[in-house]
Amino acid sequence: AKIAYQRAIGLKAKNPAALNNLAVVKINSEGEEDWIAVAEGANYLEQALQIDDFFVTAKMNLATLMNYYRMFPKAKTLW
């Protein structure tokens with residue numbers, strides 16, 4: 001799945017759905033405790049929201065991630 005989303009981003013760099021899905025795959029495959037993977041995943045989610053700030057799925061995923069790490073002020077702005 002990771003390769004498919006990377007290929008989709010290669011074809012259309014501003015694809016928020018592919019960025020969101022790549023973030024989810026990255027975090028789930030490498031684990032929530034791998035801070036480097038989480039930082040990369042959060043970056044993909046933020047990129048998706050820069051492209052489409054009303055993309056609810058990316059907002060929810062980023063807010064959930066921020067809640068997991070107890071970054072409540074950052075998460076609150078996304079809900």
Side-chain angles (χ1 to χ4, degrees):
K2 185 177 178 180
I3 294 170
Y5 296 128
Q6 288 173 335
R7 190 168 288 165
I9 292 168
L11 294 173
K12 184 179 176 191
K14 294 189 175 195
N15 186 338
L19 287 166
N20 175 70
N21 292 338
L22 184 58
V24 171
V25 169
K26 179 85 173 164
I27 294 168
N28 285 337
S29 67
E30 298 184 28
E32 292 86 5
E33 300 306 320
D34 182 348
W35 289 22
I36 294 171
V38 169
E40 290 176 7
N43 187 26
Y44 290 138
L45 292 169
E46 289 168 355
Q47 287 178 36
L49 290 173
Q50 286 176 354
I51 296 166
D52 182 0
D53 59 340
F54 292 111
F55 189 45
V56 175
T57 307
K59 277 188 177 188
M60 290 177 53
N61 287 335
L62 187 55
T64 302
L65 187 63
M66 295 297 152
N67 275 342
Y68 181 83
Y69 285 101
R70 300 191 173 275
M71 300 172 143
F72 300 125
K74 289 183 181 180
K76 187 177 181 181
T77 62
L78 298 166
W79 295 110

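Worth saying up front: this structure is predicted, and the values here are computed from it rather than measured. Values below: all heavy atoms of this structure, side chains included; hydrogens, waters and symmetry mates excluded.
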Shared hydrophobic cluster for L78 and V24 (ILVMFWY, side-chain gaps under 4.5 Å): no
Connected via hydrophobic side-chain network under 4.5 Å: W35 and M66: yes
Atom pair NZ/CG of K14 and L19 - distance to nearest 0.5 Å: 11.0 Å
Closest non-hydrogen atom pair between P16 and A48, with its separation: O-CB, 3.6 Å
Nearest non-hydrogen partners of I27 and A42, listed with the distance: CD1-N, 4.5 Å
Verify same cluster id: I51, F54 (apolar side-chain graph, 4.5 Å): no
Of all pairs that satisfy side chain to side chain donor-acceptor pair (under 3.5 Å), the ones with a partner from residues 50-65, not counting sequence neighbours: N20-N61
Results of side chain to side chain donor-acceptor pair (under 3.5 Å) for E40 - residues two or more places apart only: K26
Candidate list T77, L45, N67, test side-chain contact (heavy atoms from CB on, under 4.5 Å), partner L62, passing option: L45
With A17 via side-chain contact (heavy atoms from CB on, under 4.5 Å) - residues at least two apart: N15, F55
Over all atoms of both residues, closest heavy-atom pair of A75 and A63: CB-O, 3.7 Å
